[in-house]
Structure formats: structure tokens, C-alpha cells
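These numbers were taken from a predicted model, which means no experiment stands behind them.
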Amino acid sequence: MEVKTKYELEFPINSSPQLLYQYISTPSGLSEWFADNVNSRGEYFTFIWDDTEEYARVSSKKTGEKIKFRWIDEQKRDTDYFFELRILEDEITKDVSLMIIDFAKNDELDEARLLWENQISDLKHVIGSV
């Protein structure tokens with residue numbers, strides 16, 4: 001298995017943390033910007049893009065602040081990789097941003113960053129934060 005590199009991105013989002021959390025932690029919210037369709041059964045989520053299905057489970061979350069999805073295989077076993085969506089709020093200015101922690105193969109890092117930029121652009125459009 002090819003090793004992937006962890007990377008972090010941060011995007012300013014003009015939104016309340018409470019509203020933003022609904023879009024990063026619920027199947028209906030995620031399916032509006034992250035994947036074509038998202039289903040969940042308890043802690044297990046199915047992300048659907050075109051004809052591809054990927055499976056993850058919520059490995060940790062803190063309401064209103066962050067959610068971490070660990071990718072799982074067909075036998076529902078954890079893999080080494082995850083993605084985390086973390087809401088940051090500046091205590092003084094109250095500016096909100098979304099921190100993304102993800103993994104990609106070294107030769108696909110630029111492509112992965114670009115994909116997140118496009119998805120966050122969709123998210124901003126959906127919540128009216130353009």
C-alpha cells in the first residue's frame with residue numbers, strides 16, 4: 001500500500017460555527033457540498049461520488065467544533081487514514097474558518113488541495129458565505 005502524506009488547509013468561512021457544523025457533520029449537510037450523496041447508520045457513513053462509494057466512521061467529534069471521519073475497508077476495519085473538519089473561531093474578531101486535515105499520495109497533493117478548494121467553494125455558495 002502506498003504511503004500518504006498528511007496535510008492541512010484552512011479556509012475562512014463567513015458563517016456561524018453552529019450553522020457550519022450542520023454542514024460538516026450531517027449526511028444532508030455533507031451531500032450539499034462534499035459528495036453527491038451521503039448516507040449514515042449510526043457512526044458509519046457512506047460517501048457516494050458518481051459510481052464510487054467510500055466508507056468511513058466517525059472516530060471523534062465535538063459538537064459545534066469538529067468531526068473526524070476514519071476511512072474503513074469493506075469489512076468495516078479502520079484504515080490508517082482519516083479526514084477531519086475543524087471549525088476555528090477567533091476569540092477577538094469572531095472570524096470563523098474551517099481547518100481541513102487530510103491525506104494524499106505525494107504526487108497527488110496539489111490535486112487534493114485543489115479538490116478541497118473547489119469543495120469549500122461549493123460549501124460557501126450553499127451557506128451564502130461567498
Side-chain angles (χ1 to χ4, degrees):
M1 180 162 76
E2 190 171 349
V3 175
K4 294 182 180 182
T5 302
K6 181 178 175 182
Y7 65 96
E8 296 181 3
L9 302 169
E10 188 174 333
F11 299 94
I13 308 271
N14 187 16
S15 168
S16 71
Q18 296 78 14
L19 176 67
L20 184 54
Y21 187 74
Q22 294 304 308
Y23 282 95
I24 67 169
S25 64
T26 64
S28 60
L30 287 161
S31 62
E32 288 200 45
W33 67 276
F34 182 72
D36 296 335
N37 196 7
V38 180
N39 299 310
S40 71
R41 260 183 210 271
E43 67 181 3
Y44 292 96
F45 278 64
T46 303
F47 297 97
I48 302 163
W49 293 275
D50 295 324
D51 296 329
T52 305
E53 289 189 7
E54 298 289 334
Y55 307 97
R57 76 174 177 83
V58 177
S59 61
S60 68
K61 72 177 176 179
K62 187 167 185 184
T63 302
E65 290 184 24
K66 68 177 183 172
I67 188 158
K68 181 177 179 179
F69 294 96
R70 180 158 304 272
W71 295 112
I72 56 176
D73 62 21
E74 292 79 19
Q75 288 78 41
K76 291 191 175 181
R77 288 189 306 244
D78 288 355
T79 67
D80 293 337
Y81 302 109
F82 64 86
F83 71 99
E84 183 173 335
L85 306 169
R86 183 179 300 172
I87 298 168
L88 306 173
E89 184 177 18
D90 185 284
E91 290 184 22
I92 297 168
T93 65
K94 298 298 181 196
D95 288 343
V96 174
S97 59
L98 185 63
M99 168 80 75
I100 311 287
I101 302 167
D102 200 1
F103 291 83
K105 296 175 186 170
N106 279 338
D107 62 345
E108 295 176 358
L109 277 170
D110 290 340
E111 188 179 322
R113 286 187 176 104
L114 190 57
L115 180 61
W116 274 113
E117 286 174 16
N118 288 333
Q119 288 177 302
I120 296 302
S121 175
D122 290 349
L123 171 63
K124 287 180 176 181
H125 184 76
V126 165
I127 62 177
S129 165
V130 198

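Two residues are said to be in side-chain contact when any heavy atoms from C-beta on lie closer than 4.5 Å; Ile120 and Ile13 meet this criterion. Contact annotation: the side chain of Glu117 approaches that of Phe11 to within less than 4.5 Å [non-hydrogen atoms, C-beta and beyond]. Side chains of Gln119 and Leu123 form no contact here, defined as non-hydrogen atoms less than 4.5 Å apart. Residues Ile72 and Thr79 have side chains not in contact (no heavy-atom distance under 4.5 Å, counting atoms from C-beta outward).
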Derivation of the side-chain hydrogen bond (donor to acceptor under 3.5 Å, both in side chains) call for Asn39 and Thr46: CA-CA 5 Å; Asn39 299 310; Thr46 303; 5.5 Å; no
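The neighbour count for Asp110 CG, taken as heavy atoms of other residues, nucleotides or ligands under 6.0 Å away, does not exceed 12. Atom CD of Glu91 is surrounded by 12 or fewer heavy atoms from other residues, nucleotides or ligands within 6.0 Å.
Separation of atoms CG (Leu9) and OG (Ser97) is listed at 11.5 Å; rounding is to 0.5 Å. In this structure, the separation between CD on Glu108 and OG1 on Thr5 is 10.5 Å, given to the nearest 0.5 Å. Separation of atoms CD (Glu54) and CG (Asp73) is listed at 11.0 Å; rounding is to 0.5 Å. Summarising the geometry, atom CG belonging to Asp102 is positioned 10.5 Å from atom CD belonging to Glu84; distances are rounded to the nearest 0.5 Å. Atom CD1 of Ile67 is separated from atom NZ of Lys62 by 14.0 Å, given to the nearest 0.5 angstrom. We find the CD-CD1 distance between Gln18 and Ile87 to be 8.0 Å, quoted to the nearest 0.5 Å.
Within the 3.5 Å criterion, the main-chain N or O of Pro12 finds a donor-acceptor partner in the side chain of Lys124. Listed for the Tyr23 side chain is no donor-acceptor partner under 3.5 Å among the backbone atoms of Ile127. The main-chain N or O of Ile92 is found under 3.5 Å from a side-chain atom of Asp90 such that the two form a donor-acceptor pair.
Taking both residues in full, the closest heavy atoms of Gly64 and Pro17 are given as O-CB, 4.1 Å, listed atom of the first, atom of the second, then distance. The two atoms that bring Ile101 and Glu8 nearest to each other are CG1-CG, 3.8 Å, heavy atoms only. Between Val96 and Ser15, the shortest heavy-atom contact is CG2-O, 3.2 Å. Across Trp33 and Gly29, no two heavy atoms sit closer than the pair CD1-O, 3.1 Å. Nearest heavy-atom pair, Ile24 versus Leu30, reported as atom, atom and distance to 0.1 Å: O-CD2, 3.7 Å.
Remark: of the listed residues Tyr7, Phe103, Phe34, Phe34 is the sole one forming a ring pair (Phe, Tyr, Trp, His ring centres under 6.0 Å) with Trp116. Just one of Tyr55, Phe82, Phe45 meets the ring pair (Phe, Tyr, Trp, His ring centres under 6.0 Å) condition when paired with Phe69; it is Phe45.
In the hydrophobic clustering of ILVMFWY residues, with side-chain heavy atoms under 4.5 Å counting as a link, Phe83 and Ile48 come out apart. Taking hydrophobic clusters as Ile, Leu, Val, Met, Phe, Trp and Tyr residues chained together by side-chain heavy-atom distances below 4.5 Å, Leu115 does not share a cluster with Tyr81. If you chain together hydrophobic residues whose side chains sit under 4.5 Å apart, Val38 and Tyr44 never meet in one group. Note on Trp49: it clusters hydrophobically with Ile100, by side-chain heavy-atom contacts below 4.5 Å among ILVMFWY residues.
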